[in-house]
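Here the structure is laid out as structure tokens; the discussion comes afterwards.
Quick note on labels: first sequence line is chain A, next is B, and so on, each numbered from 1. This structure is a prediction, so every number in the text was calculated from the model and none was measured.
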2 protein chains.
Amino acid sequence: MGKAAKSNPDRSVEQSEPTQRSAAATRTRILESAEAEFAVHGFDGVSVRQIALRAEVPVALINYHFGSKDGLYRAIFVARAPMIVDERIAGLRLAYMETDPDRMLELVIKAVLVPNLHMRSVEKNSNYARILAREVADPKAMERGIIQEFFDPVAHKVIEALKKALPDRRIEELHWGYQMMLGAMVYVMADIGRIRRLSDGRCDPDNDIEATRHLVTMLHAALKYGRVPAAD
Amino acid sequence: MGKAAKSNPDRSVEQSEPTQRSAAATRTRILESAEAEFAVHGFDGVSVRQIALRAEVPVALINYHFGSKDGLYRAIFVARAPMIVDERIAGLRLAYMETDPDRMLELVIKAVLVPNLHMRSVEKNSNYARILAREVADPKAMERGIIQEFFDPVAHKVIEALKKALPDRRIEELHWGYQMMLGAMVYVMADIGRIRRLSDGRCDPDNDIEATRHLVTMLHAALKYGRVPAAD
DNA sequence: GTCTATAGCTGGATAGAC
DNA sequence: GTCTATCCAGCTATAGAC
């Protein structure tokens, strides 16, 4: 007691309950720390110890709340995926209200790009954006089936919308078009400096307005004018 | 000697030189196994033990020949990067010979895409193509500086060529265009099944002719018609 | 150059007190 | 629900015989 008695009153109160926290708050702390660590280092590049350290919780709590490292990773998507999926579906709904096919096409592209590129630019959500980008591009990550489970359904809806906006295209062209859109988007989302470095600072992925403006315009032109006839 | 004397003659001959191999052959075996393992599991997802097991060499030889796991990874790029870089520079040379800016633009895009997409489709090289795709897209991998060291120089040459083919564009547009190209290409290179799954088998990244045809056509249209005026 | 054996850590997960 | 202590499997890297 000697030491505590010598501290000022404020300090002793702080120390009497060093980690008093609700269970829900603990789960949230762990999830946020996990997002931050996975975003920078990837699934295999992070230990649960690092995550626990950042969250200032004992390691055992991670397994208590999430079962395993895999369970924790998956919990991030369970918590976050609906946000993106719902925004995209809402964007598609707006696209379907357009009567001009050309305007519809632009809105379909925006429905795909805007939720992700905007999310990336918001500090609070940028970590999840990076994890998602990694999960989409990483062959190993695909084995976990997260993308398939959470995002394949809305991907099919996007293809459907493209078909309506570009009724005279072969289905192959629409699929390749979708892959091109997604690749361009994911590459920008995943970036941690190369785009800025190569462009000498002229392109900034964190500026979602400019990134979206350029990508949407170019992808719109790609789909509108890039006709690829059947091979034979 | 007692045990060997009891075996049949064939067996004793086999065991007398169980792994006779030249040093160069050993290095090659290790590099090939490393490519295969890194391609599927990523740098952190593979142990040098797995690589040694696949190559059928003792673990110690990996550190003897390549110094460390990092050294082995880097050695893959030292051996392979020139192939892609040289092909791309050769493609740019062809592009510069075109007098029609429109034809030149198409050849610049092909100079970027064809070496990689073709490599991916060749069984012997497809593993390296996947590693490269991962290295380009993975934030963690970027810390190793391999992309910067091996590929930034040729990236600048591509931007230069784009500037010549599209002389009336702002430099920002060219850079965003390059990022779009690269993202689309890398996404196709990295894929291990999603594209085929989503398209119900209609799009096949292993068919480099078709993949190139679609992507080049669309990206050409994107750059040619996707004009993005300055923001203010 | 090759190989065995092992040093020296760090990883995910858990048992059991509170 | 929380936390400490710990298990033990796996890792990279190397020492030292051949």
B/A60 side chain, from C-beta outward: closest of C/dC3, C/dA15, C/dA13: C/dC3
Describe, in one word, how the ring planes of A/H214 and B/W176 are oriented to each other, choosing from parallel (under 30°), tilted (30 to 60°) and perpendicular (over 60°). parallel
B/I51 CD1 - D/dG10 P separation (whole Å): 17 Å
Can the positive tip of B/R144 be found less than 6.0 Å from the middle of the six-membered ring of B/F43, inside 45° of the ring normal? yes
Measure from CG on B/D44 to P on C/dT10 and round the result to the nearest Å. 16 Å
Which nucleotide in the set D/dT2, C/dA13, D/dA13 lies at the smallest distance from any side-chain heavy atom of B/N63? D/dA13
5' priority, DNA chain C, between A/V59 and B/Y64 [closest heavy atom]: B/Y64
Nearest-angstrom distance from the residue atom CD1 of B/I30 to P of D/dA13: 14 Å
A/K69 NZ to C/dA13 P: how many Å, rounded? 8 Å
Look at B/D206 together with B/R120 and state whether they make a salt bridge at an N to O cut-off of under 4.0 Å. yes
Can you measure A/R49 atom CZ to D/dC3 atom P for me and round it to whole angstrom units? 16 Å
d(CG, B/L61; P, C/dA5) in whole Å: 15 Å
Shortest non-hydrogen pair, B/I195 vs A/Q179, comes out as CG1-OE1, 3.3 Å
Distance-only, no hydrogens or angles: does the B/K69 side chain make a donor-acceptor pair with backbone N or O of B/V46 under 3.5 Å? yes
A/T26 side chain near D/dT2 phosphate (N/O to OP1/OP2, under 4.0 Å): yes
Protein-nucleotide distance (B/H65, atom NE2; D/dT14, atom C1'), rounded to Å: 15 Å
With a 4.0 Å cutoff (strictly under), does any side-chain N or O of B/S47 reach OP1 or OP2 of D/dC11? yes
Roughly how many Å is it from CZ in A/R21 to C1' in D/dC3, rounded to a whole number? 12 Å
Of the candidate nucleotides D/dC3, C/dA13, C/dT2, which contains the atom at the shortest distance from the side chain of A/P58? D/dC3
